[in-house]
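Note on naming: letters A, B, ... go to the chains in the order of the sequence lines (proteins, then strands), and numbering restarts at 1 for each one. What you are looking at is a predicted structure, and each value in this text was computed from that prediction instead of being measured.
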There are 2 protein chains.
Amino acid sequence: MRAPTERQSAPETRDRILDAAEALFVEHGFEATSMRMITGQAGANIAAVNYHFGSKDALIQEVFKRRLTELNRRRLAALDRLEAEAGGAALKPSRIVEAFFGTALEMAADTAHGGHTFMRLLGRTYTEPNGFVRQFLAEEYAEAVERFLAALYRALPDVPREEILWRFHFMMGAMSYAIAGTDALQLFAGKFDDADPERLLPRLMSFLLGGLRAPLPGQGVPGENGKGAPRTQN
Amino acid sequence: MRAPTERQSAPETRDRILDAAEALFVEHGFEATSMRMITGQAGANIAAVNYHFGSKDALIQEVFKRRLTELNRRRLAALDRLEAEAGGAALKPSRIVEAFFGTALEMAADTAHGGHTFMRLLGRTYTEPNGFVRQFLAEEYAEAVERFLAALYRALPDVPREEILWRFHFMMGAMSYAIAGTDALQLFAGKFDDADPERLLPRLMSFLLGGLRAPLPGQGVPGENGKGAPRTQN
DNA sequence: GTATGATTAAAACAATCGTTTGATTGATGA
DNA sequence: TCATCAATCAAACGATTGTTTTAATCATAC
């Protein structure tokens, strides 16, 4: 018999396992976190994971699903709001970027309900080698990426879509680092005097918008390779 | 007896193991890559890793060391060259950024000598949970980060050092994604019509410099939290 | 009280992990 | 020709992995 996925009866253990798994995954990674570590921290029996979720992989998926679905729901709701306010007109790029990345940072700032822990985990997982995790994340993100890219295309009609795509990609990277931040690779350990999370949003947003609005790279004549500086005035 | 680390006698097997490990690590991650997978792909005996390197952890370190030492050596050489040319004057920020990130992208573009594989691995490893890998990377990077930050501080005397630090952090994230790129999280799978690696450098450089030169976020009056848009004109 | 069905518990499963052992190989120099 | 020593090999080590099994426990409805 399979796990009773949609029952209202077992809230306790199931949620404790999800919370424990989330915290341990961010600390040790998926592979290095054993079922015994998870159930131990959750105060549950070793068999509980397979009973409630079916397998370790299914647990990993559920850890992401319960938060990621909500995150992208909020993102799309913010975009809906913007588009309703604009009433057919193109949106300002800054508002689009804010809706996407600001919403993520809002969740990352929520230390009370586990949002912070999860966003650190998510930041790391974008580069996760594990195939099924990647595919699952891509599916969860598909709609949001589609809608936000479309909004950016409309907002920046003069910028080649290829460039917008790349810059959206770069922005994702900057945000991941911003959130994994001071606790991921401690490359700047002890250098941050002011790691106030309140100021992270405006800091990141300035950077992202600066990158998005940067002068386009010189339309590289094929054969003139990339060694030279791109066309900027700095 | 320990491994003969500094002998000229055993080039073959040792290097084949390093190459195989590098390729497998980028594909499956450290934990999910077993000694038997490595030695199998390298055409060596299972005992060869412990003989030549001492342990799996030591092998991981060696995989990074042989490339990372060279990468940061080139970075520092590029910075030395710039400073020699400038003869005491402050450098242009664009040149500093180019010396640091351009050098990395150069190595990433080198598919012939394994540089490409390694840079994909490195991009992922910045967010590696494994403690000893993080510490090792931080040590390898310490000098380069120190010198490049100092150069940026000099080049941008009017920008608070705190902001430069954060933006350097953001740039690292954008670069990691740029390199891990199309094969990491396939969030934009099938969307890139033009993934020409020749054009990646100018594209990334424009973005990074745009972010670095972006208007500073409004000096947030404590209490005015981050929900509002930062002060940009877009 | 008794049956029902979801949940928990202890114990064991086969498989794989990183590492070690002890013997063998093959080239080197005396 | 023999000794030396780095290198390779097959085989096994104990520990840990995710998962399964079987029995016990619990609350609820009849």
Protein-nucleotide distance (B/Tyr51, atom OH; C/dG22, atom P), rounded to Å: 17 Å
B/Asp57 CG to C/dG18 C1', straight-line distance once rounded to whole Å: 10 Å
Any donor-acceptor N/O pair, A/Arg16 side chain to A/Ala42 backbone, under 3.5 Å: yes
Interatomic distance, A/Asn45 CG vs C/dT8 P [rounded to whole Å]: 9 Å
Members of residues 28-38 of chain A that approach DNA chain D, where some heavy atom sits under 4.0 Å away: A/Thr33, A/Ser34, A/Met35, A/Arg36
Under 4.0 angstrom between A/Thr13 side-chain N/O and C/dT8 OP1 or OP2: yes
Atom-pair distance (NE2 on A/His52; P on D/dT20), nearest Å: 15 Å
Sugar-phosphate, base or nothing in reach of B/Ala47, heavy atoms under 4.0 Å: base
Ring centre gap for A/Phe64 and A/Phe118 strictly below 6.0 Å: yes
Flag, side chain of B/His116 to backbone of B/Ala108, donor-acceptor distance under 3.5 Å: yes
Under 3.5 Å donor-acceptor, B/Lys56 side chain and B/Asn50 backbone: no
Between P of D/dT16 and NZ of B/Lys56, the distance in whole Å: 16 Å
Among C/dT8, C/dT19, D/dG18, the nucleotide that comes nearest once only the side chain of B/Ile46 is considered: C/dT19
Nucleotide D/dA27, atom P - distance to CD of A/Glu12 in whole Å: 13 Å
Residue list, side chain to side chain contact (heavy atoms under 4.5 Å, CB included) with B/Glu70, at least two apart or on another chain: B/Arg73, B/Arg74, B/Met107
B/Arg75 to B/Phe100 six-membered ring, cation-pi geometry met (6.0 Å, 45°): yes
Separation of atom CG in A/Asn50 from atom C1' in D/dT20, rounded to whole Å: 8 Å
